[in-house]
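One-based numbering, in listed order, for ligands and for the atoms of each.
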Amino acid sequence: MSLKERLVEHIEENGPLTVSDFMAFCLYDPRDGYYATRPALGGASADFLTAPEASQMFGELLGLWCAHEWDALGKPAFNWIELGPGRGVLMQDAWRATERIEGMHDAAALVLVEMSGPLRDEQAARLPHAEWATRLEDAPPGPSLLIANEFLDCLPVRQFVRGEDGWHEKLVGIDEAKKLTFGLSSALPAPDSEDEPGAVREVAPGMESLIYEVEQRLHAAPGRALFIDYGYTQPEGADTLQALQQHKHVDPLAAPGEADLTAHVDFARFAHLAREAGLLVYGPITQGQFLRGLGIDYRADALAQANPQHADRLAREMRRLTHDEEMGALFKVICLSSPNLPPPAGF
Ligand code: SAH
């Protein structure tokens with residue numbers, strides 16, 4: 001039975017699913033989920049191209065950022081943690097870029113938080129010295145530097161739609177022909193709001209547990225957690241659920257498990273929850289601002305001088321990472337920090 005057939009049966013027996021349950025099935029089902037069945041997220045056949053896959057400069061600069069923050073922590077033995085490392089390219093570039101930072105690699109225990117078996121294999125091929133955890137809370141205790149690129153957007157969201165008579169939760173059900181279809185719950189008793197009818201609000205329950213795990217870690221021992229993702233700082237009332245297959249937007253209900261499902265990250269809420277939890281919060285700023293602040297222009301110049309034959313490609317990559325019309329403005333960077341530390345680099 002395909003995942004789609006199993007979902008139809010599940011809905012027949014138990015009623016409609018929330019969008020967040022639907023996303024969780026599509027992404028994490030151990031047999032047919034997107035991450036369980038995609039051995040190679042990157043390369044030409046990828047459904048999407050992430051920043052580290054687009055340019056080595058991305059991982060290199062994040063590696064140097066970590067070196068700076070390791071220094072700010074007083075150069076302790078530390079967990080160098082990545083959430084959702086994909087093919088492991090980012091950390092491979094970060095590791096190479098910090099080879100000459102004296103003592104850093106000896107002090108680092110590399111911990112990759114990844115639930116996909118095929119992707120763990122890809123990561124192991126690039127980072128044979130790493131260890132793996134399924135959840136952040138399973139990573140060893142101690143000082144931590146944590147990075148996560150395009151991880152928050154995988155966290156399933158619930159969606160609420162403003163109607164004339166109140167808020168309705170968006171649900172995934174089936175129609176008479178037993179086809180998956182979106183529907184709405186009956187109206188929820190909810191306070192009045194300024195939102196126009198048709199406005200959609202999204203809530204990611206997994207974000208709350210993630211912040212809790214980060215907060216526990218950063219209060220128990222000093223550290224920083226850097227998140228990069230696409231998202232907004234002001235909710236616009238839009239439905240941001242999207243399904244990507246081979247670089248194309250597809251219907252999220254068409255082929256469950258075969259497309260990557262994501263939602264934009266609500267950075268205002270993320271920052272609010274982290275502050276409430278007693279962490280220091282820097283940003284969100286745009287990816288363009290952050291990378292320029294870390295000196296991507298100098299890095300690109302240096303690489304181009306050493307490899308003049310690649311100068312054009314490097315200029316294209318830098319544009320892709322930093323320009324407002326490419327990844328520079330839609331992607332945001334936010335840093336959560338233990339209290340009593342100086343501000344991190346780049347903010
Ligand atoms: N950071 C990589 C890949 C982003 S894709 C890059 O920038 O190229 C998202 C990654 O997060 C994948 O490795 C996926 O398997 C992992 N992932 C998604 N949800 C997860 C979860 N709940 N727990 C652990 N890993 C998860």
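Near Gly84, the atoms of ligand 1 lying under 4.0 angstrom from a non-hydrogen atom of the residue are 1 (N), 2 (C), 3 (C), 4 (C), 10 (C), 11 (O), 13 (O), 16 (C). Atoms of ligand 1 lying under 4.0 Å from any heavy atom of Pro52, numbered from 1 in the order shown and given with element: 6 (C), 7 (O), 8 (O). Each of the following atoms of ligand 1 lies closer than 4.0 Å to a heavy atom of Leu119: 12 (C), 13 (O), 15 (O). Applying the 4.0 Å criterion to heavy atoms of Asn149 picks out, from ligand 1, the atoms 1 (N), 2 (C), 4 (C), 6 (C), 7 (O). Heavy-atom proximity to Gly86, at under 4.0 Å, picks out these atoms of ligand 1: 2 (C), 3 (C), 13 (O). The distance from ligand 1 to the heavy atoms of Thr50 drops below 4.0 Å at these ligand atoms: 6 (C), 7 (O), 8 (O).
Salt-bridge annotation for Glu196 and Arg162: absent, with no side-chain N of the basic residue lying under 4.0 Å from a carboxylate O of the acidic one. Under 4.0 Å is where a charged nitrogen must lie from a carboxylate oxygen, and between Arg269 and Glu208 at least one such pair does. A salt bridge does not link Arg217 with Glu213: every distance from a Lys NZ or Arg NE/NH1/NH2 to an Asp or Glu carboxylate oxygen is 4.0 Å or more.
In summary, the side chains of Thr240 and Tyr232 do not present any donor paired with an acceptor at a separation below 3.5 Å, with no hydrogens or angles considered. Counted by atom type alone, Ser55 and Arg319 present zero donor-acceptor pairs between their side chains at under 3.5 Å.
The backbone N or O of Asp175 lies less than 3.5 Å from no partner atom in the side chain of Lys178, so there is not a single donor-acceptor pair.
When the heavy-atom distances from atom 19 (N) of ligand 1 to Phe58, Trp132, Tyr28 are ranked, the shortest goes to Tyr28. If you check each of Met115, Glu122, Arg135 against atom 24 (C) of ligand 1, the one with the closest non-hydrogen atom is Met115.
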(Q) Does Thr286 form a side-chain hydrogen bond (donor to acceptor under 3.5 Å, both in side chains) with Gln289? I'd like the steps, not just the answer. (A) CA-CA 5 Å; Thr286 67; Gln289 283 173 303; 3.3 Å; yes
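The distance criterion of under 3.5 Å between nitrogen or oxygen atoms is met by Glu114 with respect to ligand 1.
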